[in-house]
Amino acid sequence: MDQDMRDSMMGALENVIDPELGIDIVNLGLVYDVELTEDGFGVVTMTLTSLGCPMGPMIVDMVKTSLYELPEVKEVDVKIVWTPGWSKDNMSRYAKMALGVR
C-alpha cells in the first residue's frame, strides 16, 4: 500500500468522531495502523479509550462506514487491541488543546 492510500484511509477515519469526547479517533490516537491489500481488503488496528468503552461497537461501525466511502476499499476488518494501551500521550496537540489536557 502506498503512502497516498494510507493518507486517504487516515483522512477518512478523521471523520469518525468519538461520541463521548467529540474528537476524531485519529487525533485521539486510537488508530495504530491501517492496511489495504491489492484486492481491497482493509484492516484497521486500533484501540479504545477504555476496556469497557460503551461506544466501542458504534465506533467500529463508523470506522467501517467511513472507509467504505473510499472506492478502493471493498471490505473492512477492525481489530481492537489493548496493547499498547491508550493514554493521553497518544493524542495530537489539537486533541489535547480541544479537551484541555496537558
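Cluster membership check: M10 shares its hydrophobic cluster with V63, using side-chain heavy-atom separations under 4.5 Å among Ile, Leu, Val, Met, Phe, Trp and Tyr. The hydrophobic cluster containing L51 also contains V60, counting ILVMFWY residues as joined when their side-chain heavy atoms lie under 4.5 angstrom apart, directly or transitively. Following chains of ILVMFWY side-chain contacts shorter than 4.5 Å, one cannot reach L99 starting from I17, and the two form parts of different hydrophobic clusters.
Closest approach of I25 to M46, counting heavy atoms only: CD1-CE, 4.2 Å. Scanning both residues, L70 and M5, for their nearest heavy atoms gives CD1-CE, 3.8 Å. Across all their heavy atoms, E35 and M9 have their closest contact at O-CE, 3.5 Å.
In this structure, E72 CD and S8 OG are separated by 6.5 Å, a value rounded to the nearest 0.5 Å. Going from atom CH2 of W86 over to atom CE of M91 covers 5.5 Å, rounded to the nearest 0.5 Å. Atoms CG and NZ, from D77 and K64 in turn, are 7.0 Å apart once rounded to the nearest 0.5 Å. For the atom pair CG (L13) and CE (M62), the distance works out to 11.0 Å, reported to the nearest 0.5 Å. Atoms OG1 and CD, from T37 and E75 in turn, are 9.0 Å apart once rounded to the nearest 0.5 Å. From I80, atom CD1 reaches atom CG of L48 across 4.5 Å, with rounding to the nearest 0.5 Å.
Other residues, nucleotides and ligands contribute more than 12 heavy atoms inside 6.0 Å of the OH atom of Y68. In this structure, M58 places its CE atom where only 12 or fewer heavy-atom neighbours from other residues, nucleotides or ligands lie under 6.0 Å away. Around the CD atom of E38, the shell of radius 6.0 Å holds no more than 12 heavy atoms that belong to other residues, nucleotides or ligands.
Distance alone, capped at 3.5 Å, is enough to place a donor-acceptor pair between the Y32 side chain and the P84 backbone. Although no hydrogens or angles enter the test, the distance criterion places a donor-acceptor pair under 3.5 Å between the side chain of R6 and the main chain of V34.
For T45 and D33, the side-chain atoms include no donor-acceptor pair closer than 3.5 Å.
Considering L36, V16, N15, V44 as possible partners of L67, the one that fulfils the side-chain contact (heavy atoms from CB on, under 4.5 Å) test is V44.
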Checking side-chain contact (heavy atoms from CB on, under 4.5 Å) for the pair D39/K74: CA distance, chi angles, key distance, verdict? CA-CA 8 Å; D39 57 347; K74 308 297 181 223; over 6 Å; no

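In this structure, I23 and D18 have side chains that are not in contact, with every pair of non-hydrogen atoms separated by 4.5 Å or more. Under the 4.5 Å side-chain criterion, counting only non-hydrogen atoms from C-beta, M97 is in contact with R93.
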